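Everything on this sheet refers to the single structure shown next.
Everything numeric here is computed off the predicted structure, so don't read it as measured data. Computation of the quantities below employed the complete heavy-atom set of this structure, encompassing side-chain atoms and omitting hydrogens, waters and symmetry-equivalent molecules. Here is the naming used below: chain letters follow the sequence lines, and residue numbers restart at 1 for every chain.
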2 protein chains.
Amino acid sequence: MENPAITRYSNVPGVDALVNELIGRVADKWTLLVLEALEEHGESRFSALARAVPGISQKMLTQTLRQMERDGFVHRTVHPVIPPHVDYRLTPLGHSLGEAFCSVWLWAEAHLETVAAARADFDNRD
Amino acid sequence: MENPAITRYSNVPGVDALVNELIGRVADKWTLLVLEALEEHGESRFSALARAVPGISQKMLTQTLRQMERDGFVHRTVHPVIPPHVDYRLTPLGHSLGEAFCSVWLWAEAHLETVAAARADFDNRD
DNA sequence: AACCGATACTCTCTTTTGGAAAGTAGGCAC
DNA sequence: GTGCCTACTTTCCAAAAGAGAGTATCGGTT
């Protein structure tokens, strides 16, 4: 009873599930915030990212960076010195993702007040 | 000890936290998928959305639609008939968000294989 | 030799979130 | 009455996230 219909901006049926999965991975708050921090500050260390992404826990930062590394968005450089020194930087793929999200950031900035007004309106109904 | 520095594509310090919050709301897998379904199919009923968004539970669909309604992305029309009939459609604001995300969908489609290859490569290391 | 500091994690515990499935409401055909 | 229809709502349980302390490493200090 599945609807095999066209979905998504391209209409290739079998690809949709995969695109959905990738979107699910990419449409993640922390991924987006880390991506943005790396776009903004360039190559950064773990502790710098922890500072740059407000509210992220070390655990989530580690996890997010691992996923992003696995997906090929960031490159991890370990300098074998004491104390340890690890740098993270965007790959070209990660950078291209950042550019794709650029319009979303701009949208968020542009419509911040509209959304706030909509929320206030909604909360004051009934 | 907070770093008040420039973040985001605009550099207005106080706005950043709000933009972050909005991004967190908007960069949500289910929100994105529902948004896409509404872009694709136009005004839809609850059950049609449940079918159009593969894998979503009723609970998450209800919750996501409520949030999107509160944020002003969707309009909810209740037809007071029996059995109940409720239609959801994108507001202009919701549509503009969909357009902002368009580049992300295109990115996902375009780089699907690159990401798959990166993952395979990562998983086969050490 | 014991201790400390620095850095990037890692582990444990508690809270929050998400999914599956059953329940609710209310008129209408039977 | 009983069952049916749709759009939720609730409940229970499992998975995920956050807080915060712990770990490994080595050189320098005491």
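Per the geometry, CG belonging to B:L61 stands 8 Å off P belonging to D:dC8, to the nearest Å. Between the CD atom of A:Q63 and the C1' atom of C:dC11 there is a distance of 13 Å, rounded to whole Å. The NZ atom of A:K29 sits 10 Å away from the P atom of C:dT17 (whole-angstrom rounding). If you take CE of B:M60 and C1' of C:dT16, they are 12 Å apart, rounded to a whole angstrom. Taking atom CD1 of A:I56 as the reference point, atom C1' of D:dA19 lies 14 Å away to the nearest angstrom. For the pair B:D28 CG and D:dA17 P, the computed distance is 12 Å after rounding to whole Å. Straight-line distance from the CG atom of B:L33 to the P atom of C:dG19: 11 Å, rounded to whole Å.
Every pair tested for side-chain hydrogen bond (donor to acceptor under 3.5 Å, both in side chains) that includes a residue from residues 52-69 of chain A fails, sequence neighbours excluded, so the list is empty.
A:R119 pairs by the salt bridge (charged side-chain N to carboxylate O under 4.0 Å, His left out) definition with B:E21, B:D71, not counting sequence neighbours. With sequence neighbours excluded, no residue forms a side chain to side chain donor-acceptor pair (under 3.5 Å) with B:W30. Under the side chain to side chain donor-acceptor pair (under 3.5 Å) criterion, A:D87 pairs with A:H79, A:H85, not counting sequence neighbours. A:S96 is linked by a side chain to side chain donor-acceptor pair (under 3.5 Å) to B:W107, counting only residues two or more places apart in sequence or in another chain.
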Got a list of protein N/O to nucleotides 5-10 of chain C N/O distances below 3.5 Å?
| unit_1 | atom_1 | unit_2 | atom_2 | d |
| --- | --- | --- | --- | --- |
| C:dT7 | O3' | A:R45 | NH2 | 3.1 |
| C:dT7 | O3' | A:P84 | O | 3.0 |
| C:dA8 | OP1 | A:R45 | NE | 3.1 |
| C:dA8 | OP1 | A:R45 | NH2 | 3.0 |
| C:dA8 | OP1 | A:V86 | N | 3.3 |
| C:dA8 | OP2 | A:S47 | N | 3.4 |
| C:dA8 | OP2 | A:S47 | OG | 3.3 |
| C:dC9 | OP1 | A:R66 | NH2 | 3.4 |
| C:dC9 | OP1 | A:R76 | NH2 | 2.5 |
| C:dC9 | OP2 | A:Y88 | OH | 2.2 |
| C:dC9 | N4 | A:Q58 | OE1 | 2.4 |
| C:dC9 | N4 | A:Q58 | NE2 | 3.4 |

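Hydrophobic clustering (side-chain heavy atoms under 4.5 Å, transitive across Ile, Leu, Val, Met, Phe, Trp, Tyr) keeps A:I82 apart from A:F46.
OP1 or OP2 of D:dA16 has not a single side-chain nitrogen or oxygen of A:W30 nearer than 4.0 Å.
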